[in-house]
Visitor: 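Can you keep this structure in mind? I'll have questions shortly.
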Amino acid sequence: RSFTQLAGTQLASVAAGSVASSGGAARAAAPALDLVTPKGNLHAFMKLHTSVEKARIWYWYTGIMEAALVGGPVIPFCATDTLIRRDVYPTGDGRFKMEMFEANYFHPIGDHTPLLRMHNPLNGRDVEPFHYREGPHEAFYSEQGPYLAAMPPPGKDAPPFAPPWTRVEDQLSVSINYYIDTPYPLPLDKWPLEANTRERVGSFATMIGNYDEVADPRVATAKCAFHYEAFMVWWPWMLMGQTPGRMLWHANGRKLASLDGVPKDSRIGFEAIHPRIFEERPWEEMANLGIDYQKERTPVLR
């Protein structure tokens, strides 16, 4: 889900985080950061989001899923952990290419043990969470902004990349809203309890780093933390059908210096549910919630 929102897990963060950057000793004040020209915006964004040099960047974040029926209260439903791998490198023509793999698993709130079954308090059903994966996705980042490799690049008349930066003292942040309204990935006539009429998602994502670090020409990848919020229709495994209501997703995490930064209990969960995410080439086939769900599940018709 996150990459189909393009900005969701890609344009985000919320407090200075943790990733190794070029140069660790005390250094002189960095020059003023160019957040005016398209090239300056692109390089600042890439430093915060991934890297301006060839690199493998990991993001880990954890969050809570809340649920709300129309006319009812918002209730805690479950928690979720996400691990994203982004391989990025400059292409030599002013752009950056990125390949992304993502793994996600659901777990109880306050316990990172993967959920295998749970009681859905919204409809009284016992349900089996579907721990999804995404990718491989390829994208380019250019002076006109990001675009999927499967799409034509922005034309010369496209507006320049100008993300909405905010500076507060030594912190630099950028936030992106993104909304989708597309056909639901499962056919409603075949999956009446799993599918919805439309796939509707609204998301708000924020990245925050240190201004001087992003401005320093010796730093290739800046420290960055991550905050993400989204409202969306039900997950198919909840068996809610077209019942009016929404899921609310609140998550936070950080860019990692290495996989050693993944919390131990979360690492155990990923190794149990998505061990391939740690392989050099996790998988070749295109994977996402809609594709894998239809391969691995059968419709519940009662």
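Please read all numbers here as calculations on a predicted model, not as lab measurements. Only heavy atoms go into these numbers, but all of them, side chains included; no hydrogens, no water, no symmetry mates. Throughout, numbering of the chain's residues begins at 1 and tracks the sequence.
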Visitor: Could you tell me whether Lys39 and Asp34 make a salt bridge, using a distance below 4.0 angstrom between a side-chain N and a carboxylate O?
Guide: no

Visitor: Enter the distance from Asn252:CG to Tyr228:OH here, rounded to the nearest 0.5 Å.
Guide: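 Between Asn252 CG and Tyr228 OH, I get 13.5 Å after rounding to 0.5 Å.
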
Visitor: Look at the side chain of Lys255 and the backbone N and O of Cys224, then say whether any donor-acceptor pair between them is shorter than 3.5 Å.
Guide: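 No: the side chain of Lys255 does not pair with the backbone of Cys224.
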
Visitor: One pair to check against side chain to side chain contact (heavy atoms under 4.5 Å, CB included): Thr197 and Val233. What are the steps and the verdict?
Guide: CA-CA 10 Å; Thr197 52; Val233 296; over 6 Å; no

Visitor: Output yes when a side-chain donor or acceptor of Gln294 lies under 3.5 Å from a complementary backbone atom of Gly290, and no otherwise.
Guide: yes

Visitor: Measure up the Phe161 and Phe45 rings against each other and bin them: parallel (under 30°), tilted (30 to 60°), perpendicular (over 60°).
Guide: perpendicular

Visitor: Indicate yes or no for a side-chain donor-acceptor contact from Thr62 to the backbone of Asp81 under 3.5 Å, with no hydrogens or angles considered.
Guide: no

Visitor: If you round to the nearest 0.5 Å, how far is CG of Asp87 from CE of Met100?
Guide: 11.5 Å

Visitor: Can the ring centres of Phe96 and His43 be said to be less than 6.0 Å apart?
Guide: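 Yes, close enough.
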
Visitor: Can you tell me how far apart CD (Gln144) and CZ (Arg95) are? Round to the nearest 0.5 Å.
Guide: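 Gln144 atom CD to Arg95 atom CZ measures 10.5 Å (nearest 0.5 Å).
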
Visitor: Treating Gln242 as the side-chain partner and Ala195 as the backbone partner, does any N or O pair qualify as donor plus acceptor under 3.5 Å?
Guide: yes

Visitor: Which of these passes salt bridge (charged side-chain N to carboxylate O under 4.0 Å, His left out) with Glu99: Arg281, Lys54, Arg86?
Guide: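 Testing Glu99 for a salt bridge (charged side-chain N to carboxylate O under 4.0 Å, His left out) against Arg281, Lys54, Arg86 leaves exactly one candidate, Arg281.
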
Visitor: Check whether the side chains of Thr80 and Trp249 place a donor and an acceptor atom closer than 3.5 Å, and report yes or no.
Guide: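 Not at all, the side chains of Thr80 and Trp249 share no donor-acceptor pair under 3.5 Å.
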
Visitor: Check step by step if side chain to side chain contact (heavy atoms under 4.5 Å, CB included) holds for Cys78 and Leu115.
Guide: CA-CA 9 Å; Cys78 68; Leu115 270 170; 4.0 Å; yes

Visitor: If you measure from CG on Asp126 to CG on Asn120, what distance do you get to the nearest 0.5 Å?
Guide: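 One finds 9.0 Å between CG of Asp126 and CG of Asn120.
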
Visitor: Report the C-alpha distance between Ile64 and Phe77 in whole Å, list the side-chain angles of each, state the deciding distance to 0.1 Å, and finish with yes or no for side chain to side chain contact (heavy atoms under 4.5 Å, CB included).
Guide: CA-CA 8 Å; Ile64 293 176; Phe77 191 82; over 6 Å; no

Visitor: Pro129 and Met118: which non-hydrogen atoms are nearest, and at how many Å?
Guide: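 Nearest heavy atoms, Pro129 then Met118: CG-CG, 4.3 Å.
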
Visitor: In terms of side-chain geometry, is the basic nitrogen of Arg133 or Glu296 positioned less than 4.0 Å from the acidic oxygen of its partner?
Guide: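 So Arg133 does not pair with Glu296 through a salt bridge.
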
Visitor: Quick one: do Ile277 and Leu259 end up in the same hydrophobic cluster if we chain Ile, Leu, Val, Met, Phe, Trp and Tyr together by side-chain heavy atoms under 4.5 Å apart?
Guide: yes

Visitor: Looking at Arg198 and Asp181, does any basic side-chain N land under 4.0 Å from a carboxylate oxygen?
Guide: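 Yes, charged N to carboxylate O under 4.0 Å.
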
Visitor: Under 6.0 Å from the six-membered ring centre of Phe231 and within 45° of its axis: does the NZ or CZ of Arg246 meet both?
Guide: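 Judged by the rule, Arg246 and Phe231 form no cation-pi pair.
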
Visitor: Are the side chain of Asn41 and the backbone N or O of Trp165 linked by a donor-acceptor pair below 3.5 Å?
Guide: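 A pair under 3.5 Å: no.
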
Visitor: Going by the side chain to side chain contact (heavy atoms under 4.5 Å, CB included) test, name the single residue among Trp235, Tyr293, Trp237 that passes it with Tyr132.
Guide: Trp235

Visitor: I'd like to know whether Asn123 forms a side chain to side chain contact (heavy atoms under 4.5 Å, CB included) with Thr243, so could you lay out the CA-CA distance, the side-chain angles of the two residues, the decisive distance to 0.1 Å, and finally the verdict.
Guide: CA-CA 10 Å; Asn123 59 15; Thr243 305; over 6 Å; no

Visitor: Out of curiosity, Lys47 NZ to Lys223 NZ, how far, rounded to the nearest 0.5 Å?
Guide: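 One gets 12.5 Å once the value is rounded to the nearest 0.5 Å.
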
Visitor: Hey, mind stepping through Phe101 and Trp283 against ring-ring contact (aromatic ring centres under 6.0 Å, His included) and telling me if it holds?
Guide: CA-CA 9 Å; Phe101 294 89; Trp283 52 83; 5.4 Å; yes

Visitor: Just say parallel, tilted or perpendicular for the rings of Phe270 and His274, cut-offs at 30° and 60°.
Guide: tilted

Visitor: With a 4.5 Å cut-off on side-chain heavy-atom distances among I, L, V, M, F, W and Y, is there a chain of contacts connecting Phe130 to Val300?
Guide: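 Phe130 and Val300: one cluster.
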
Visitor: Main chain of Pro236, side chain of Trp191: is a donor-acceptor contact present, judged purely on distance under 3.5 Å?
Guide: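 No, Trp191 side chain to Pro236 backbone: no donor-acceptor pair under 3.5 Å.
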
Visitor: Identify the two heavy atoms, one from Trp234 and one from Gly241, that lie closest to each other, and give their separation to 0.1 Å.
Guide: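 In this case the closest contact between Trp234 and Gly241 is CD1-O, 3.8 Å.
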
Visitor: When rounded to the nearest 0.5 angstrom, what distance separates CG in Leu122 from CD1 in Ile75?
Guide: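 If we round to the nearest 0.5 Å, Leu122:CG and Ile75:CD1 are 4.5 Å apart.
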
Visitor: Would you say Leu188 ends up clustered with Met238 if hydrophobic residues are merged whenever their side chains have heavy atoms under 4.5 Å apart, either directly or through other cluster members?
Guide: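 Different clusters: Met238 never reaches Leu188 through Ile, Leu, Val, Met, Phe, Trp or Tyr contacts under 4.5 Å.
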
Visitor: Would you call Glu194 and Arg297 a salt bridge, taking side-chain N to carboxylate O under 4.0 Å as the test?
Guide: no

Visitor: So, the side chain of Arg167 versus the backbone of Glu169: is there a donor-acceptor pair under 3.5 Å, distance only?
Guide: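 Yes, because the side chain of Arg167 sits within donor-acceptor range (under 3.5 Å) of the backbone of Glu169.
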
Visitor: Between Tyr178 and Met98, is there a shared hydrophobic cluster once you connect ILVMFWY residues whose side-chain heavy atoms come closer than 4.5 Å?
Guide: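 Yes, because Tyr178 and Met98 connect within a single hydrophobic cluster, where side-chain heavy atoms sit under 4.5 Å apart.
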
